[in-house]
Amino acid sequence: MKKELLQLAGKGVIDGVFIGCVISLIVSLLIGDGSYYAVHPQLIERMGGEMNAVLVQTFLCALLGLLFSVGSIIWRIEKWNLLQQTAVYFALACIVMFPIAYFLGWMQASIGGALLFVGIFVLVFVLVWLVNYWICRTRVKELNKLVKER
(Lines give C-alpha, C1' and ligand atoms only; values in the text may rest on other atoms or scores of the structure.)
Protein backbone atom coordinates (compact mmCIF):
# COMPACT_ATOMS: atom_id res chain seq x y z
CA MET A 1 0.00 0.00 0.00
CA LYS A 2 2.86 2.41 0.82
CA LYS A 3 4.52 1.72 -2.53
CA GLU A 4 1.23 2.33 -4.34
CA LEU A 5 0.68 5.60 -2.45
CA LEU A 6 4.18 6.76 -3.36
CA GLN A 7 3.57 5.88 -7.01
CA LEU A 8 0.25 7.74 -6.97
CA ALA A 9 1.90 10.72 -5.30
CA GLY A 10 4.75 10.82 -7.82
CA LYS A 11 2.41 10.52 -10.77
CA GLY A 12 0.15 13.17 -9.25
CA VAL A 13 3.01 15.64 -8.82
CA ILE A 14 4.05 15.22 -12.46
CA ASP A 15 0.46 15.44 -13.69
CA GLY A 16 -0.20 18.52 -11.56
CA VAL A 17 2.81 20.40 -12.91
CA PHE A 18 1.90 19.39 -16.47
CA ILE A 19 -1.71 20.52 -16.09
CA GLY A 20 -0.53 23.80 -14.55
CA CYS A 21 1.62 24.41 -17.63
CA VAL A 22 -1.29 23.58 -19.92
CA ILE A 23 -3.53 26.00 -18.00
CA SER A 24 -0.97 28.79 -18.44
CA LEU A 25 -0.82 28.04 -22.18
CA ILE A 26 -4.61 28.11 -22.49
CA VAL A 27 -4.85 31.38 -20.56
CA SER A 28 -2.13 32.89 -22.76
CA LEU A 29 -3.96 31.77 -25.91
CA LEU A 30 -7.26 33.15 -24.62
CA ILE A 31 -5.68 36.53 -23.90
CA GLY A 32 -4.50 36.40 -27.49
CA ASP A 33 -1.89 39.15 -27.59
CA GLY A 34 0.97 36.83 -28.59
CA SER A 35 2.58 36.81 -25.13
CA TYR A 36 3.03 33.89 -22.78
CA TYR A 37 1.65 34.41 -19.29
CA ALA A 38 3.26 31.86 -16.98
CA VAL A 39 1.41 33.21 -13.94
CA HIS A 40 -1.22 35.80 -13.11
CA PRO A 41 0.24 39.33 -12.79
CA GLN A 42 -1.38 39.62 -9.35
CA LEU A 43 0.67 36.63 -8.17
CA ILE A 44 3.87 38.18 -9.52
CA GLU A 45 3.16 41.30 -7.50
CA ARG A 46 2.24 39.32 -4.38
CA MET A 47 5.37 37.13 -4.63
CA GLY A 48 7.77 40.00 -5.39
CA GLY A 49 8.80 38.81 -8.83
CA GLU A 50 8.02 36.48 -11.72
CA MET A 51 10.45 33.73 -10.71
CA ASN A 52 9.05 33.51 -7.18
CA ALA A 53 5.51 33.46 -8.60
CA VAL A 54 6.34 30.66 -11.05
CA LEU A 55 8.00 28.63 -8.29
CA VAL A 56 4.99 29.04 -5.98
CA GLN A 57 2.55 28.19 -8.78
CA THR A 58 4.59 25.13 -9.79
CA PHE A 59 4.70 23.92 -6.18
CA LEU A 60 0.95 24.44 -5.71
CA CYS A 61 0.17 22.70 -9.02
CA ALA A 62 2.32 19.77 -7.88
CA LEU A 63 0.44 19.75 -4.56
CA LEU A 64 -2.91 19.78 -6.39
CA GLY A 65 -1.82 16.87 -8.56
CA LEU A 66 -0.56 14.94 -5.56
CA LEU A 67 -3.79 15.44 -3.58
CA PHE A 68 -6.07 14.63 -6.52
CA SER A 69 -4.05 11.51 -7.30
CA VAL A 70 -3.80 10.20 -3.75
CA GLY A 71 -7.44 11.16 -3.20
CA SER A 72 -8.40 8.79 -6.00
CA ILE A 73 -8.10 6.01 -3.45
CA ILE A 74 -11.62 7.04 -2.44
CA TRP A 75 -12.88 5.26 -5.58
CA ARG A 76 -11.55 1.97 -4.20
CA ILE A 77 -13.58 1.97 -1.00
CA GLU A 78 -15.88 -0.91 -1.84
CA LYS A 79 -18.25 -0.47 1.09
CA TRP A 80 -19.22 2.98 -0.23
CA ASN A 81 -21.66 3.35 -3.08
CA LEU A 82 -20.89 5.49 -6.13
CA LEU A 83 -22.78 8.50 -4.76
CA GLN A 84 -20.78 8.46 -1.52
CA GLN A 85 -17.50 8.12 -3.38
CA THR A 86 -18.40 10.93 -5.75
CA ALA A 87 -19.58 13.25 -2.97
CA VAL A 88 -16.47 12.73 -0.84
CA TYR A 89 -14.07 13.05 -3.79
CA PHE A 90 -15.87 16.17 -5.03
CA ALA A 91 -15.75 17.72 -1.54
CA LEU A 92 -12.03 16.94 -1.27
CA ALA A 93 -11.44 18.39 -4.74
CA CYS A 94 -13.28 21.60 -3.82
CA ILE A 95 -11.50 21.98 -0.48
CA VAL A 96 -8.15 21.61 -2.23
CA MET A 97 -8.82 23.40 -5.51
CA PHE A 98 -10.68 26.56 -4.62
CA PRO A 99 -8.24 28.13 -2.13
CA ILE A 100 -5.27 27.36 -4.38
CA ALA A 101 -7.06 28.67 -7.48
CA TYR A 102 -8.02 31.85 -5.63
CA PHE A 103 -4.48 32.35 -4.31
CA LEU A 104 -2.93 31.82 -7.76
CA GLY A 105 -5.36 34.25 -9.39
CA TRP A 106 -7.07 31.61 -11.52
CA MET A 107 -10.41 33.05 -10.48
CA GLN A 108 -11.35 36.69 -10.24
CA ALA A 109 -11.79 38.03 -6.74
CA SER A 110 -15.49 38.65 -7.27
CA ILE A 111 -18.71 36.73 -6.92
CA GLY A 112 -19.03 36.51 -10.70
CA GLY A 113 -15.45 35.31 -11.09
CA ALA A 114 -15.87 32.71 -8.37
CA LEU A 115 -19.16 31.49 -9.88
CA LEU A 116 -17.55 31.23 -13.32
CA PHE A 117 -14.64 29.25 -11.90
CA VAL A 118 -16.97 26.96 -9.93
CA GLY A 119 -19.09 26.42 -13.05
CA ILE A 120 -16.07 25.48 -15.14
CA PHE A 121 -14.75 23.26 -12.35
CA VAL A 122 -18.07 21.45 -11.98
CA LEU A 123 -18.38 21.02 -15.76
CA VAL A 124 -14.90 19.51 -16.02
CA PHE A 125 -15.53 17.32 -12.96
CA VAL A 126 -18.78 16.00 -14.42
CA LEU A 127 -17.23 15.35 -17.84
CA VAL A 128 -14.29 13.45 -16.34
CA TRP A 129 -16.68 11.53 -14.05
CA LEU A 130 -18.90 10.55 -16.99
CA VAL A 131 -15.95 9.35 -19.06
CA ASN A 132 -14.64 7.28 -16.15
CA TYR A 133 -18.12 5.91 -15.47
CA TRP A 134 -18.49 4.89 -19.11
CA ILE A 135 -15.06 3.19 -19.07
CA CYS A 136 -15.88 1.27 -15.87
CA ARG A 137 -19.32 0.30 -17.14
CA THR A 138 -17.78 -1.02 -20.38
CA ARG A 139 -15.24 -3.07 -18.41
CA VAL A 140 -17.96 -4.54 -16.19
CA LYS A 141 -20.00 -5.53 -19.26
CA GLU A 142 -16.94 -7.20 -20.77
CA LEU A 143 -16.20 -9.07 -17.54
CA ASN A 144 -19.81 -10.18 -17.22
CA LYS A 145 -19.70 -11.42 -20.81
CA LEU A 146 -16.56 -13.44 -20.04
CA VAL A 147 -18.16 -14.91 -16.92
CA LYS A 148 -21.27 -15.96 -18.88
CA GLU A 149 -19.14 -17.61 -21.56
CA ARG A 150 -17.42 -19.79 -18.96
Side-chain angles (χ1 to χ4, degrees), residues 1-77 80-142:
M1 182 69 163
K2 284 183 184 180
K3 182 179 178 183
E4 185 179 6
L5 278 175
L6 287 173
Q7 288 174 335
L8 279 172
K11 182 182 180 317
V13 166
I14 292 167
D15 290 348
V17 172
F18 175 75
I19 291 169
C21 290
V22 170
I23 288 171
S24 68
L25 287 169
I26 291 169
V27 168
S28 298
L29 288 169
L30 290 174
I31 292 172
D33 66 2
S35 295
Y36 173 65
Y37 296 91
V39 295
H40 194 280
Q42 181 184 35
L43 186 62
I44 295 171
E45 187 177 313
R46 191 179 311 136
M47 294 293 107
E50 190 172 19
M51 182 54 113
N52 288 341
V54 170
L55 287 171
V56 167
Q57 179 169 285
T58 302
F59 171 78
L60 290 176
C61 286
L63 180 63
L64 276 173
L66 181 143
L67 293 172
F68 273 84
S69 185
V70 171
S72 70
I73 289 175
I74 289 168
W75 302 110
R76 298 181 192 169
I77 302 173
W80 287 2
N81 64 38
L82 185 59
L83 179 60
Q84 289 171 309
Q85 292 170 331
T86 301
V88 170
Y89 188 81
F90 182 77
L92 172 69
C94 290
I95 289 167
V96 169
M97 186 67 168
F98 295 142
I100 290 176
Y102 179 80
F103 179 79
L104 293 176
W106 292 351
M107 72 171 81
Q108 290 180 346
S110 68
I111 292 174
L115 289 175
L116 177 64
F117 185 85
V118 169
I120 292 169
F121 180 80
V122 169
L123 178 67
V124 170
F125 186 91
V126 168
L127 289 174
V128 169
W129 187 92
L130 287 171
V131 167
N132 282 320
Y133 178 80
W134 179 79
I135 290 168
C136 288
R137 187 172 166 203
T138 302
R139 286 182 186 161
V140 167
K141 284 182 178 181
E142 289 171 0

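Worth saying up front: this structure is predicted, and the values here are computed from it rather than measured.
Considering OH of Tyr37 and CG of Leu43, their distance stands at 15.5 Å, rounded to 0.5 Å. The structure places CG of Leu123 at 8.0 Å from CD1 of Ile120, a figure rounded to the nearest 0.5 Å. Of the inter-residue distances, the one linking Met47 atom CE with Leu55 atom CG reads 11.0 Å to the nearest 0.5 angstrom.
When side chains are defined from C-beta on, Phe18 counts as touching Val22, because their heavy atoms get closer than 4.5 Å. Side-chain contact between Leu60 and Leu63 is present, with at least one heavy-atom pair separated by less than 4.5 Å.
Heavy atoms only, all atoms of each residue included: Gly12 and Ser69 are closest at CA-CB, 3.5 Å. The two residues Ala62 and Val17 make their nearest non-hydrogen contact at CB-CG2, 3.8 Å. For the residue pair Gln85 and Arg76, the shortest heavy atom distance occurs at NE2-N, 4.3 Å.
Under the side-chain hydrogen bond (donor to acceptor under 3.5 Å, both in side chains) criterion, Trp129 pairs with Thr86, sequence neighbours left out. Among residues two or more places apart in sequence or in another chain, the side-chain contact (heavy atoms from CB on, under 4.5 Å) test is passed with Val131 by Ile135. Every side-chain contact (heavy atoms from CB on, under 4.5 Å) that Val140 has, sequence neighbours left out, goes to Asn144. Considering only residues two or more places apart in sequence or on other chains, Ser24 meets the side-chain hydrogen bond (donor to acceptor under 3.5 Å, both in side chains) condition with Tyr36. When the side-chain contact (heavy atoms from CB on, under 4.5 Å) test is applied to Val54, the partners found at least two apart in sequence or on another chain are Ala38, Val39, Glu50, Thr58. Contacts of Glu45 classified as side-chain contact (heavy atoms from CB on, under 4.5 Å), with partners at least two apart in sequence or in another chain: none. By the side-chain hydrogen bond (donor to acceptor under 3.5 Å, both in side chains) test, Glu142 is found to be paired with no residue, residues two or more places apart in sequence or in another chain being considered. A search for salt bridge (charged side-chain N to carboxylate O under 4.0 Å, His left out) contacts involving Arg137 returns nothing, not counting sequence neighbours.
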List, one per line, each side-chain donor-acceptor pair under 3.5 Å for residues 109-118, sequence neighbours excluded.
unit_1, atom_1, unit_2, atom_2, d
Ser110, OG, Gly113, N, 3.0

Side-chain donor-acceptor distances from residues 88-108 under 3.5 Å, at least two apart:
unit_1, atom_1, unit_2, atom_2, d
Tyr89, OH, Phe68, O, 3.1

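Applying the salt bridge (Lys or Arg N to Asp or Glu O under 4.0 Å) rule to pairs touching residues 9-22 yields Lys11-Asp15, sequence neighbours excluded.
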